[in-house]
Structure formats: C-alpha cells, structure tokens
Amino acid sequence: MQVNVLLAVLCLLRNANSQVVPTPPGLIPTFITAWNELSKTLARVIQVPNFNEWFASHDFQPQPEKRYDFIIVGSGSSGSVLANRLSENPNWKILLLEAGEPETGFMAIPPYQPNVATGLEDQRMAWPRGRALGGTSVINYMIYTRGNRWDYDTWAAKGNPGWSYDEVLPYYIKSERARLNQGDYRYHGTDGYLSVEDTYQSPLVQAFTEGGKELGLEVWDYNTPTSSYGVSTIQATARRGRRHSGATAFLWPVRDRPNLDIVTSAYVTKVLIDQSTRQAFGVQYDRRGSRHKVLAKKEVILSAGTFNSPQLLMLSGIGPRHHLESLGIPCFQDLPVGGNLQDHVAFVGLSFLIDAPISLSLERFVEGISLLANNGTGPLTSLGGVEGIGYIKTGVSKTVRDQPDIELLFVGGTLASDYGLFTRRGMRIRDDVYDSIFQPLHNQHHWTVFPMLLHPKSVGHLELRSRNPYHRPLLYGNYFTDPYNEDLRTLLAAIRVVQRLSDTAAFQRYGSRLNPRPMSGCTHLVFDSDEYWECALRSLSVTLHHQVGTAKMGPADDPGAVVNAQLQVYGVGGCGWRIAASYRTRWGRTPTPPPSWWGRRRRTSSRSTGKGREGRDK
C-alpha cells in the first residue's frame with residue numbers, strides 16, 4: 001500500500017515538474033508521510049536491531065548520590081565505545097548519561113555571517129546534531145573514513161605522543177567488522193563491533209573511478225596508508241544496508257552487562273569539581289523534572305560533542321576567564337575552551353547533465369524497496385546518493401607533504417534527484433536559487449561531485465549565550481575569512497578538476513556536460529568565469545557537519561591547548577574529553593570513525609586512571 005502511494009505521488013510530481021507548474025498542494029506532505037511509514041515497516045521487515053527502540057521500553061532511573069567508577073556524558077561515537085570498553089572490567093561500575101530521548105535530535109543555527117551562505121534561507125547554515133543513543137551517528141551520512149597518515153603523524157610530531165598513524169591503526173582494525181569487496185585487508189579488521197560495508201553502486205560510479213584514472217589518480221582502498229591520492233567507491237558504517245550507529249554497534253551487544261547503567265533524558269548541567277583538590281568528582285543533571293547528583297570515583301568523561309562538551313565545561317568554570325566573568329561565572333581554570341572551531345565546507349552547486357538514464361532518482365529508490373527488504377542491497381543503501389570518494393592535491397596547495405587538500409564526494413545524481421523534497425530543504429537552500437539551477441533538471445539525468453575543503457585556514461569559535469545550561473551556545477563558523485582567501489581559491493581549483501573529470505572519456509561516453517544554467521544571485525557575472533564561481537561558492541557552500549577543535553589537544557606549552565595527549569583537561573584532575581572536540585586542526589576525513597578507536601585506546605589508559613593528575617595552571 002505504501003509503495004503504491006509513493007509511486008502515485010512520484011507520478012504526479014514528475015508530471016507537475018515536467019510542465020513547470022506549481023506542485024499540487026499537499027503532494028509533498030503526502031509523499032513524506034508515506035515515505036516515513038514505509039521506512040518504519042522496512043525496519044521491522046529487515047529485523048535490524050534498533051537500540052533506541054529497545055531502550056525506550058527498558059527504563060532505568062538511578063538513585064541520586066549513587067557512585068560509579070566512571071561517568072560518561074554523551075553516547076555518541078566515542079561515548080558508546082567507552083561504555084562498551086570500560087564495562088569489560090567487571091570491577092568497574094559505569095554510568096552513561098544521554099540528554100536525548102531515543103531517536104531525537106536538535107538543530108543549531110549559527111548567527112548570520114556576511115558574504116557566506118548567500119543562497120541559503122536567512123543566509124544561515126544548519127548545524128544539526130543527534131540527541132539520541134549513538135549521538136550524531138544516528139543522523140550522519142555513514143561515510144567511513146579514517147584520516148590521512150600525515151594528519152596523525154603531524155599531531156604526534158607537535159608534542160602529542162601516541163597519536164602517530166602507526167600507533168592508532170591497530171585500534172581501528174580492532175574496532176572493525178569489514179565486509180568489503182575491494183578492501184585491502186592488511187588494514188581492516190573483521191571481528192570488531194563496527195560493521196563497514198560497500199553500498200549501492202550505479203554505473204556512474206564506474207565512470208568516476210575510470211575518469212579518475214584518466215586524470216592520473218589511483219583506484220585504491222582509501223582507508224589504507226598506501227597512497228594519499230586516488231578515487232574509490234565509498235565505504236559505509238552499515239550492516240545489511242542499514243545504518244550501524246555507535247549505539248547499535250557498541251551498546252546493543254553489551255546492553256545486559258550488570259555494571260553498565262544507561263540513562264536517557266539526562267541533561268547534564270554541571271561538572272562537580274573540588275576547589276581545593278582541583279579534582280572532578282561527579283556531575284549534576286536534570287531528568288524529567290528532577291535534579292540529580294551522581295559521583296565518580298575515578299573519572300568524569302565528557303563526550304557530549306563539539307558544541308555541548310565545551311559548553312558544559314565553561315558552565316562549570318573552566319574556560320576563557322574574560323568570557324566567563326562577563327556572564328557572572330566564577331573562573332576556576334582559565335583555558336581557551338570554545339576556540340579553534342574548524343569545519344569541512346563543501347560546494348553543492350555543481351551539476352552535469354548526461355544522456356543515459358542511469359542516475360539516481362526517487363523512482364529508482366522506490367523501485368529498490370524489495371531489494372533492501374530481501375537482502376539489504378539496492379539504491380536505498382546509497383548514502384544520500386554518495387557512491388564514490390576521491391582525494392586530490394590542487395595546484396594552489398602550499399603543502400610540501402604528500403597530503404591532499406580536497407575530498408571529492410561523487411553523487412550519482414544531484415540535488416534535483418529528489419525533486420527538491422529532502423536534501424535541499426535540509427541544507428536550507430532558497431527556492432529562487434534551487435529553481436535557477438536544479439528545477440530545470442527534474443526528469444533529466446545528471447551527476448555531481450561535492451568538492452570538500454579538507455584543511456580550512458578559516459577558524460571559528462563557540463561562546464556561551466548565557467549562564468543557563470539550556471540556552472544553546474553561540475556558534476561562529478567564520479567561513480572564508482582567512483586573510484589570503486586560500487579557502488576560496490582551493491575550492492575554485494577543485495571545481496576546475498571536476499570539470500576536467502567530466503571531460504574524460506569515461507564520462508563522455510554518457511555525453512557529460514556542465515549544467516549551463518547560471519545560479520540566481522550570480523547572473524551578473526560571466527558564466528564559468530572565476531568570478532562567477534567565487535560568487536557561487538559564497539552562495540552554495542555548506543557545512544558537511546564535521547565541526548571539531550573546540551577543546552584543542554596539545555602539549556603544556558601550547559597556549560591554545562585545553563587537553564593533553566591523553567585528552568585530560570589541563571589543571572583539573574579526573575576530567576577527560578571526547579575526541580572530536582580535541583582535534584588540533586581540521587583533518588582530512590570525517591570525524592565519526594576516529595572516536596571508535598579512541599574509545600578502545602582510552603580504555604587501555606584508564607586502567608591506571610582515577611587519581612588527580614598534574615595539570616597546567618593558567
């Protein structure tokens with residue numbers, strides 16, 4: 001029944017858009033309702049464990065003042081792994097606190113920034129975060145990328161022992177349960193908790209890899225250290241075509257451990273710190289109208305994310321003195337918490353037309369429902385259309401190392417593939433901008449590449465809005481503000497590489513050609529000129545939700561560091577941090593997989609954790 005509704009609505013959408021007339025009222029809500037109901041049915045048919053649904057029926061309310069050895073705040077990719085690994089020791093009692101109800105989330109909207117996101121509603125990007133068991137791993141794109149060898153080795157060389165590539169690789173391998181057709185199993189694990197699989201591959205992704213070869217790029221397993229540059233099909237954190245979140249992978253298998261308590265709807269408002277011993281000894285949290293205090297014998301570990309972990313620390317008196325005192329918060333430890341905010345920004349305005357009917361479409365997704373239900377394959381396993389990935393070093397890069405500056409995300413369709421129903425709305429793209437370049441592509445065949453900036457020179461920051469822990473922090477992305485416009489010039493160079501990719505024989509056999517329609521807001525400039533693309537970049541560059549760095553890791557003599565190489569907060573004993581907030585710099589991959597290995601490594605170091613650590617006073 002639901003499939004029939006979807007197909008009927010798609011037929012009406014196709015007819016409406018082919019005539020360039022307004023979509024009939026109620027058509028889009030009808031489609032979305034049918035799609036959501038079908039998704040729920042599929043989840044039951046496929047019988048993939050949904051930890052959030054299971055947990056919702058197994059409520060647990062701890063008693064206030066109860067003691068645990070470790071308290072973990074936040075159940076995202078790192079928090080889930082830490083709960084799994086620490087609870088392996090039956091002599092340790094672990095409490096995992098998660099603010100969200102199962103399967104919920106929240107949307108952060110940064111303040112207005114001039115000359116950026118000019119093609120988005122209110123000229124502001126959306127920064128969504130998952131508030132659920134599994135954190136943002138329940139809403140991300142599931143793209144599995146580890147990071148370039150140089151990222152890790154550079155961190156280690158700057159005074160962070162234990163962070164070299166050779167040192168972290170064993171933890172990645174141990175975490176994985178890889179099932180990859182073209183994987184290099186010298187660098188993949190097969191017995192871990194986290195499932196890593198191939199996804200749907202259309203004929204177009206073969207053109208992407210073959211075209212990359214024509215440009216001199218290697219076709220290789222990008223999660224290996226054998227090369228820094230190349231093209232590949234995508235690897236995903238999925239199992240049988242379904243999302244494998246941090247909670248499903250690491251919490252579901254250990255849900256019955258007697259020494260692990262998991263509490264949802266627990267909003268932590270403060271880290272409790274002994275002023276005389278400078279030791280964190282517990283947290284304060286609210287749950288369903290009641291306030292609780294729970295104590296930690298050994299350590300409080302903050303894994304509440306790049307936004308909420310620094311917010312919580314500043315509310316507890318650890319942060320920039322001038323900022324905290326301006327809000328009336330006594331400063332216990334003066335540290336640059338909230339600074340060094342970095343993000344991956346990508347351009348989503350490129351599109352190329354082809355003659356062959358092989359690109360992704362909503363019709364193709366609906367028709368693939370039986371494939372997903374029966375064997376976990378088909379178009380519905382596609383990661384939002386992302387099928388391929390590549391890494392290049394543009395001609396404007398000043399890095400002498402063997403290190404890429406752009407990631408290429410190949411999509412076997414464009415933002416027009418879903419008739420503007422989902423993706424562009426999530427990105428907040430304005431109607432006039434979408435209609436100028438994407439609406440004319442409805443019912444045609446097309447593809448795109450999102451070039452993503454790997455190492456931005458622009459740096460943002462995070463501040464408290466007020467002393468109220470329920471007020472979301474102020475977020476400043478500061479995109480394209482680097483003094484020499486290196487970020488813009490790098491993305492512009494990447495656009496030219498993608499155009500060369502379209503000109504390869506692999507794509508020309510499908511008649512690939514650049515979408516000739518200019519973007520609204522940039523029509524006063526010569527189409528395809530550098531000036532035009534700079535305008536387009538400022539209009540339709542969006543975050544890919546990889547914000548990191550708000551509690552920078554570094555040695556004690558680094559004035560910008562908040563935590564040491566063990567992710568322990570300087571000057572405060574018994575308080576650790578989650579990994580993504582602590583990245584020194586924006587690295588060349590997505591931030592989700594690294595917390596999986598860090599959780600395992602962190603458990604090893606926690607065997608001797610529990611006493612107050614010496615820290616840096618500022």
Side-chain angles (χ1 to χ4, degrees), residues 141 143-145 148 179-185 187-188 196-236 346-348 350-361 364 368 377-379 381-395 402 404-414 416-417 441 444-452 454 493-515 588-589:
Y141 259 55
I143 298 172
Y144 182 74
T145 54
N148 185 273
R179 299 291 185 271
L180 301 166
N181 292 330
Q182 304 298 324
D184 186 340
Y185 280 91
Y187 304 100
H188 287 285
V196 179
E197 295 182 346
D198 298 307
T199 62
Y200 175 75
Q201 298 174 14
S202 71
L204 273 174
V205 77
Q206 184 177 354
F208 172 71
T209 56
E210 291 180 1
K213 287 180 66 176
E214 291 184 50
L215 296 182
L217 295 171
E218 180 182 351
V219 179
W220 93 129
D221 180 343
Y222 63 93
N223 278 318
T224 70
T226 57
S227 177
S228 291
Y229 313 115
V231 288
S232 172
T233 54
I234 207 74
Q235 297 175 15
F347 180 56
V348 298
L350 271 177
S351 55
F352 298 86
L353 290 157
I354 56 174
D355 299 324
I358 56 175
S359 59
L360 292 174
S361 64
R364 199 175 295 272
T377 63
T381 68
S382 170
L383 308 184
V386 177
E387 301 178 48
I389 195 168
Y391 292 94
I392 62 172
K393 185 176 183 179
T394 65
D402 186 25
D405 57 353
I406 286 288
E407 177 180 277
L408 303 175
L409 290 170
F410 171 77
V411 181
T414 68
S417 296
L441 301 184
Q444 298 195 57
H445 309 292
H446 32 76
W447 64 274
T448 188
V449 165
F450 297 160
M452 186 182 80
L454 289 178
I495 288 174
R496 299 306 187 191
V497 172
V498 178
Q499 289 178 319
R500 287 169 51 207
L501 181 68
S502 174
D503 291 337
T504 61
F507 276 104
Q508 284 307 303
R509 67 171 173 259
Y510 299 120
S512 181
R513 57 204 180 274
L514 180 66
N515 180 0
R589 299 295 192 268

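Atom set for the values below is all heavy atoms of this structure, side chains included, hydrogens, waters and symmetry mates excluded.
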Q: Taking Y222 for its side chain and Q235 for its backbone only, find out whether a donor-acceptor pair lies under 3.5 Å.
A: yes
Q | Results of side chain to side chain contact (heavy atoms under 4.5 Å, CB included) for A506 - residues two or more places apart only | A | A207, E210, E214, T504, R509
Q: Check salt bridge (charged side-chain N to carboxylate O under 4.0 Å, His left out) between D503 and all other residues, then give those that pass, not counting sequence neighbours.
A: none
Q: Assess the side chains of D198 and Q182: does a donor N or O sit below 3.5 Å from an acceptor N or O?
A: no
Q: Only counting residues at least two apart or in another chain, list the ones meeting side chain to side chain donor-acceptor pair (under 3.5 Å) with T414.
A: H446
**Q.** Counterpart residues, side chain to side chain donor-acceptor pair (under 3.5 Å), relative to D402 (two or more places apart)
**A.** S228, Y229
Q: For S232 and W220, indicate whether the former's side chain and the latter's backbone hold a donor-acceptor pair under 3.5 Å.
A: yes
Q: Quick one: list whatever passes ring-ring contact (aromatic ring centres under 6.0 Å, His included) with F352, sequence neighbours left out.
A: W447
Q) Mind checking what makes ring-ring contact (aromatic ring centres under 6.0 Å, His included) contact with F450, not counting sequence neighbours? A) none
Q: Working to the nearest 0.5 Å, report the span between CZ of R179 and CD of E197.
A: 8.5 Å
Q. Partners of Q508 by side chain to side chain donor-acceptor pair (under 3.5 Å), sequence neighbours excluded?
A. none
Q | Set of residues satisfying side chain to side chain donor-acceptor pair (under 3.5 Å) with respect to S351, sequence neighbours excluded | A | N515
Q: Applying salt bridge (charged side-chain N to carboxylate O under 4.0 Å, His left out), name anything that partners R513, two or more places apart in sequence or on another chain.
A: D355
